[in-house]
Amino acid sequence: MRLCTVSPSVALVLSLTLKVASLAMDSLCRGVFAGNSRELSIRSCFPSLFQAEQTHRSILLGLLLGAGRGPQPDSALIRQARAERWSQWSLREGLETLPQALNTHLTSRGVSVLRGQPVCGLSLEAEGCWKVSLGDSNLEADHIISAIPASVLSKLLPAEAAPLARALSTITAVSVAVVNLQYRGGRLPVQGFGHLVPSSEDPGILGIVYDSVAFPEQDGSPPGLRVTVMLGGSWLRTLEARGSVLSQELFQKEAEKAAATQLGLKEPPSHCLVHLHKNCIPQYTLGHWQKLESATQFLAAQKLPLTLAGASYEGVAVNDCIESGRQAAARVLGTEPNS
């Protein structure tokens, strides 16, 4: 029998590495993607971390030295945010005003925006144009920019794009329940933006946002403490697989229990809003970047007038989706740098 011994320093490093993986990375993956850190791709989910590790063989060292940071965007608003050290921001009337402003901007310039007309299918015409089926009507397009979920687009593509459809169908998404709670007279034991919860501590709760700390002016009159509890991950996927009833009562009960045990908010909330967002966050699992590369090569080889944009591909945050749309439009218009 051979015995292998490990020095105390190596054992400490291994222990710390396991702690980082099971607590920090697990919580980060759940907070951003509501996903399992053992299934997600760090290259696709956190490209700056991946690049830092590739450059310096250490994520922490790479981040300290600034590796993984690409060209930083610049604008008057960005400069103001940096000068005033904004940590977070919102819009006065809520984020809904962003798509409303976009709609107003586009329609004022003669762009037709169709609402309530889901796409039923896509087909290629002999001239190389698209025919878009809208149920009881059709329209033609020289080029399509698709920002719908990849799995949905895969069902709409024609037979000529079967290889692309197969690749897109493997980009899945998970559901998240968002519970907004308000407490009259409640107080938080800590200050900050909020906290994430590792799966080892609670498989159902992803994290809690302290809304009253971020935007106290929205607490109402008389003011009440507001928090947002997010639920999902493997717990919600298991419930869905079992065919369990995903009721508002279930989510509210779990959210109130988390607020009580983690923040000491034991009194019943004065107000509660529950929303279940089905398949709302795409999962960039191992090999995701290869799927994107395959899709790009297929579109180029077949010369299909189709551009992919949105959360299914390279970033699930609002700013990622905005940048994805900007780049898609630039590619179609031929206004990309170095084009």
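In what follows, every heavy atom counts, from backbone to side chain, and hydrogens, waters and symmetry copies are set aside.
- When atom types are taken as modelled, the side chain of T97 and the backbone of E93 share no donor-acceptor pair closer than 3.5 angstrom.
- Classification of E39 and R237 as a salt-bridged pair holds, one side-chain N sitting under 4.0 Å from a carboxylate O.
- R85 places no side-chain N or O within 3.5 Å of a backbone atom of A81 that could act as its donor or acceptor partner.
- In terms of modelled atom types and a separation under 3.5 Å, the side chain of Q283 and the main chain of F33 share a donor-acceptor contact.
- Scanning all heavy atoms of the two residues, the minimum distance from S137 to Q117 falls at OG-OE1, 3.9 Å.
- Among all heavy-atom pairs drawn from A328 and A309, the shortest one is CB-CB, 4.0 Å.
- With contacts defined as side-chain heavy-atom distances shorter than 4.5 Å, the pair V176/I281 qualifies.
- Atom CG of N319 is surrounded by more than 12 heavy atoms from other residues, nucleotides or ligands within 6.0 Å.
- V179 places a side-chain heavy atom less than 4.5 Å from the side chain of C272.
- Between the side chain of S27 and the main chain of A24, no donor-acceptor pair closer than 3.5 Å is present.
- The side chain to side chain contact (heavy atoms under 4.5 Å, CB included) test with V119 is passed by exactly one of L139, L153, V132: V132.
- With contacts defined as side-chain heavy-atom distances shorter than 4.5 Å, the pair L164/L168 qualifies.
- Checking side-chain atoms of N279 against main-chain N and O of S175 turns up no donor-acceptor pair under 3.5 Å.
- Annotation for E256: atom CD counts as buried by contact number, over 12 foreign heavy atoms lying within 6.0 Å.
- Nearest heavy atoms, I148 versus S312: O-OG, 4.3 Å.
- A side-chain donor from one of T307 and H143 sits under 3.5 Å from a side-chain acceptor of the other.
- Looking only at distances, a side-chain donor or acceptor of S154 sits under 3.5 Å from a matching main-chain atom of S151.
- In this structure a side-chain-to-backbone donor-acceptor pair under 3.5 Å is present from T104 to Q100.
- Nearest heavy atom pair, residue C280 against residue A173, reads N-CB, 4.5 Å.
- Counting heavy atoms of neighbouring residues, nucleotides and ligands inside a 6.0 Å radius, atom CZ of F193 does not exceed 12 of them.
- In this structure, R30 contributes its side chain and M25 its backbone to no donor-acceptor pair below 3.5 Å.
- Counting only heavy atoms from C-beta outward, the side chains of L181 and H271 never approach each other to under 4.5 Å.
- Contact check for Y183 versus L263: no side-chain heavy atoms found under the 4.5 Å cut-off.
- Checked for salt-bridge contact, E240 and K278 meet the test: a charged N lies under 4.0 Å from a carboxylate O.
- Y210 and H195 have their aromatic ring centers within a separation under 6.0 angstrom.
- Side chain of S41 to backbone of Y284: no donor-acceptor contact under 3.5 angstrom is found.
- The environment of CD in E96 is sparse: at most 12 heavy-atom neighbours from other residues, nucleotides or ligands sit within 6.0 Å.
- The backbone N or O of L40 lies less than 3.5 Å from no partner atom in the side chain of H288, so there is not a single donor-acceptor pair.
- Under the 4.5 Å side-chain criterion, counting only non-hydrogen atoms from C-beta, K291 is in contact with T170.
- For the pair L306 and W130, the minimum side-chain heavy-atom distance is below 4.5 Å.
- Side-chain contact between P305 and I144: absent, with no pair of heavy atoms (C-beta onward) separated by less than 4.5 Å.
- The environment of E201 atom CD is dense: over 12 non-hydrogen atoms of other residues, nucleotides or ligands sit within 6.0 angstrom.
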